[in-house]
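Below you'll find the structure, written out as structure tokens, and then a few comments.
These numbers were taken from a predicted model, which means no experiment stands behind them.
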Amino acid sequence: MSLFNDLGRKVEELKQEVGNATDDEATHRCIECDTLLYTDHDECPECGSTSVIPLSD
């Protein structure tokens, strides 16, 4: 069973790394629901709010 535990742990680590990388790629964010977006939208696809702002440093 240790092999499956190790494999499960590695898969979870990979999922977290991918999630962090995609968060870094976001270009816009919805102010209402805090959803990260990867292209400009007139309204948030999650909540329908028009409060989408660009992420810039």
* **Nearest-0.5 Å distance, CD1 of residue I53 to CG of residue L37** => 10.5 Å

* Structure fact -> Note: H28 and V52 closest approach over all heavy atoms is CB-CG1, 3.9 Å

* Given side-chain contact (heavy atoms from CB on, under 4.5 Å), test C47 with C30 step by step and report yes or no. => CA-CA 9 Å; C47 70; C30 175; 3.7 Å; yes

* Working to the nearest 0.5 Å, report the span between OG1 of T50 and CG of D42. => 9.0 Å

* Which heavy atom in A26 sits nearest to a heavy atom in L55, and how many Å separate them? -> O-CD1, 3.9 Å

* Structure fact -> Here the pair of heavy atoms bringing E46 nearest to C33 is CB-SG, 4.1 Å

* Where is the tightest heavy-atom contact between E32 and S49, given as atom of each residue plus distance? -> CG-OG, 2.9 Å

* Asked: To the nearest 0.5 Å, what is the distance between CG (N5) and CG (L7)?
  -> 9.5 Å

